[in-house]
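Counting convention: from 1, in listed order, for ligands and their atoms alike. Along the sequence shown, residues are numbered consecutively beginning with 1.
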Amino acid sequence: MFTKILIANRGEIACRVIQTARSMGVRTVAVYSDADAQALHVTQADEAVRLGPAPVADSYLRGELIIQAALDTGAEAIHPGYGFLSENPDFVDAVTAAGLIFIGPSADAIRAMGLKDAAKALMVKAGVPVVPGYHGDRQEPDFLADQAAKIGYPVLIKAVAGGGGKGMRLVEKAADFAENLASAQAEAQTAFGNPDVLIEKYITAPRHIEVQVFGDGTDAVHLFERDCSLQRRHQKVIEEAPAPGMTCAVRKAMGDAAVKAAKAIGYAGAGTVEFIVDGSDGLRTDGFWFMEMNTRLQVEHPVTEAITGVDLVEWQLRVAAGDALPSQQDELSITGHAFEARLYAEDVPAGFLPATGVIDHLSFPTHARIDSGVTAGDEISPWYDPMIAKVTVHGPDRARALQSLSAALDAIQVAGTVTNLGFLRHLARAPDFVSGDVDTGLIERHSDTLCAKPSPTPRDLAVAAATAAEIAEGPLTGFTLWQPPQRLIVLKEAEEETIAQLTVESANTCTVQIGETEVRLLRRAGHWGSPAILHNGRVTVFGTESFTFEIVNPLARSEEAMGGDTVLAPMPGLVRAVAVDVGQTVEEGDRLVVLEAMKMEHVLRAPRAGVIADVAVATGDQVTAGALMIRLEDET
Ligand code: ADP
Ligand code: ADP
Ligand code: MG
């Protein structure tokens, strides 16, 4: 076995590899960009080497720097993780030329599967079923349009160099073909530097079922299937193993086909053979077709580890170090059922926009396996994938594993950035998913309910207000510390402001008036009703839906308005008194107006010295929030 390896990656997968290496007594070297100098993978590794600035082209894609780092630190092998250089055959050649070992397949195997068209041709030869379509060299638009007509609509245009769903277009009818072809080619050129496409029959309501394979260069086995049908724009969201409705016969047919694919290229290491499956009438031995092979460890490998008990990274290290396959096919079996959900910093109602921000608070349940590369205080930066964690659960059967997934998702707390947690929680309870009736269109069909922007309830607002009150006032320990015992808290969420009036009744009870609604809260286990935390001038309330509110200081806001020339009503209220007249000179901090809002009086003071130019309100006026009350001008 190696004594030291370098991990050419970041985030959760770098941490994942370090964990297994450590358990095997193998020392680890991390590499990092300037944005990751304090990252978890850097602190967890035995040594770390800086690569360069944050952009991946200056850091994690600098193969020559990574190889030099391995040589300098005495690492014998390089683990590429997934993404970045993991499927780059030139990098593998360079690693080998430097006298190091690449923990993965040979450069030739990667090349053979690198382009989808060549891979399909190879699979046809090996006797593996492929999706009907055109995967030849010709790229003239008219020729491809003819092929599409021959295949029969709907068809899928795919970039041959594609990945991550990019350069892919579904075309429903001939009239739309030319336009979609042009945009797929343009996107492929930008993303992969290769505009070539292939045309495939589009399988309606398909399932994505993939087979985990493992080879040692001579022999290969499979570690059963994963169902990755829950996708959004061809990106996986929740994966599971085994596939719902799988039969022994179909599993054997798919497993055999995948092993045939791996053996056809003398595969060494962990790989995944992806199939598109027609699930419209149950799974059939003649109803699956090869899509592509990913020649690396897959993001969703933990579900396979959960049902087989195999540590795939350990297998990778052993085979790369020269061991034969650690297990034969008949020694492998499935126990129970597993799910993995991908937790991302993204704004779901805004169309799954990647989000950034500092994670102020992060808490995970103990009953799930958590693969994460971040910790509280870390920033989700715009430079890399916004993944926060993968949440994997295992249970004796599908129903209980899914229940465990829901419970795990419900227990996760993240504050500081928006996440897809609410979406995942809804998805885990979606009736079609619960019943195992999955296909790649499920999320899209239910996107209205899955992606809806929830609104906070009066109770959420009340909990936020009570929690927010503690920053200004210290713990709510009762009347005596409170002058007065009532206060107003202004909360802002999604551009919407709410005024909450808080009345403390005892150390552990308060009532919060929000509009017409009164909510009574009890303090239990340090929380006002629900768990909530204060962070960075904001308060986050955790529940089935989590909400983050900005705590607005209405008085400060009115003073800042328009550079201090105007005093606006910070909230709706009744003008109790006006203390100044037009032409009067005032000093900063002088009383101008007394406003009563929700039975409390607020004194509005001069934001700076000056002369009163305008008094727009009179005692007894009812004003709306933002109404002009006083205008100041400079002394002349
Ligand atoms: P997998 O099947 O392992 O999930 P995908 O086909 O989804 O892989 O993605 C292919 C590669 O693209 C992965 O190696 C992953 O690193 C990368 N990738 C996936 N999603 C994103 C993303 N949102 N942003 C950047 N890279 C991504
Ligand atoms: P990528 O390299 O981007 O992962 P894939 O070829 O693996 O590309 O396809 C990604 C996803 O697109 C699949 O998981 C599936 O949801 C969908 N897809 C691919 N091929 C077909 C097809 N022929 N018919 C229907 N859906 C398909
Ligand atoms: Mg794929």
Side-chain angles (χ1 to χ4, degrees), residues 82-83 86-88 110 112-124 128-135 144 147-148 150-172 180 184-185 187-188 190-194 196-213 225-240 243 254 258 261 270-280 287-301 340 342 385 433 438-445 447:
Y82 55 73
S86 62
E87 294 179 275
N88 183 326
I110 296 176
M113 291 296 180
L115 295 179
K116 292 186 204 287
D117 53 350
K120 282 198 172 129
L122 189 71
M123 289 303 103
V124 172
V128 175
V130 307
V131 189
Y134 176 76
H135 46 258
L144 291 176
Q147 292 298 318
K150 238 182 249 165
I151 295 162
Y153 285 93
V155 300
L156 200 58
I157 303 173
K158 275 188 195 178
V160 300
K166 286 207 195 79
M168 204 180 290
R169 293 290 183 281
L170 168 61
V171 191
E172 306 272 6
N180 278 289
Q185 286 171 327
E187 191 171 302
T190 312
F192 314 111
N194 178 347
D196 289 359
V197 298
L198 57 82
I199 315 289
E200 254 178 36
K201 175 85 192 148
Y202 182 75
I203 314 292
T204 328
R207 289 170 62 175
H208 172 123
I209 300 179
E210 58 186 33
V211 178
Q212 174 71 53
V213 292
E225 78 281 359
R226 295 183 285 258
D227 193 312
C228 312
S229 298
L230 291 196
Q231 300 185 350
R232 190 194 65 83
R233 292 206 209 117
H234 310 304
Q235 299 262 20
K236 298 161 187 170
V237 177
I238 294 183
E239 302 96 344
E240 64 178 301
M254 294 186 75
T272 296
V273 182
E274 296 189 335
F275 295 99
I276 194 87
V277 176
D278 175 5
S280 55
F288 65 90
W289 301 276
F290 173 87
M291 257 190 317
E292 66 166 345
M293 179 166 181
N294 294 324
T295 51
R296 55 173 159 88
L297 190 67
Q298 200 97 340
V299 174
E300 58 274 22
H301 74 276
E340 176 194 87
R342 301 185 185 194
D385 189 302
F433 180 40
V438 294
D439 70 77
T440 60
L442 186 148
I443 289 179
E444 186 63 38
R445 276 197 302 281
S447 64

side-chain contact (heavy atoms from CB on, under 4.5 Å) between Phe290 and Val131: does it pass, once the steps are laid out?
CA-CA 6 Å; Phe290 173 87; Val131 189; over 6 Å; no

Subset of ligand 2 atoms that lie under 4.0 Å from at least one heavy atom of His208:
13 (C), 14 (O)

Any heavy-atom pair between the side chains of Val277 and His208 that's under 4.5 Å?
no

Against heavy atoms of Ile276, which atoms of ligand 2 measure under 4.0 Å?
15 (C), 18 (N), 21 (C), 25 (C), 26 (N), 27 (C)

Given Met293, Met291, Glu274, identify the one with the heavy atom nearest to atom 7 (O) of ligand 2.
Glu274

Number the atoms of ligand 2 from 1 as they appear, then name those within less than 4.0 Å of a heavy atom of Pro206, with their elements.
25 (C), 26 (N)

Are the charged groups of Arg445 and Asp439 less than 4.0 angstrom apart, N to O?
yes

Which value, rounded to 10°, describes the OE2(Glu292)-the Mg ion (ligand 3)-OE1(Glu274) angle?
90°

Heavy-atom check, side chain of Ile238 versus side chain of Arg342, under 4.5 Å
no

Quick check: does any side chain N or O of Lys201 sit under 3.5 Å from a backbone N or O of Val155, one acting as donor and the other as acceptor?
no

Checking the N or O distance criterion of under 3.5 Å, is ligand 2 in contact with Tyr202?
no

Step by step, work out the side-chain contact (heavy atoms from CB on, under 4.5 Å) result for Ile443 and Gln231.
CA-CA 7 Å; Ile443 289 179; Gln231 300 185 350; 5.7 Å; no

Are any of the N or O atoms of Val131 closer than 3.5 Å to those of ligand 2?
no

Does an N or O from Gly165, backbone or side chain, lie closer than 3.5 Å to an N or O of ligand 2?
yes

Considering the options Ile157, Ile151, Leu170, Val171, which one meets the side chain to side chain contact (heavy atoms under 4.5 Å, CB included) requirement together with Tyr202?
Leu170

Using a 4.0 Å cutoff against the non-hydrogen atoms of Glu292, which atoms of ligand 2 qualify?
1 (P), 2 (O), 4 (O), 5 (P), 7 (O), 8 (O)

Checking Asn294 side chain against Arg296 main chain: does a donor-acceptor pair fall under 3.5 Å?
no

Give a yes or no on whether Glu210 keeps an N, O or S atom under 2.8 Å from the Mg ion (ligand 3).
no

Counting heavy atoms only, which part of Ile203 comes closer than 4.0 Å to ligand 2: side chain, backbone, both or neither?
both

Distance filter under 4.0 Å to Gln231 heavy atoms, resulting ligand 2 atoms
11 (C), 13 (C), 14 (O), 15 (C), 16 (O)

Side chains of Gln298 and Glu274, donor plus acceptor under 3.5 Å
yes

Do Glu340 and Arg226 meet the salt-bridge criterion of a basic N to acidic O distance under 4.0 Å?
no

Need the ligand 2 atom indices (1-based, order shown) with element for anything under 4.0 Å from a heavy-atom of Thr440.
16 (O)

Logged contact type for Met168 with ligand 2, heavy-atom cut-off 4.0 Å, is side chain

Using a 4.0 Å cut-off to any heavy atom of Gly162, which atoms of ligand 2 qualify?
2 (O)

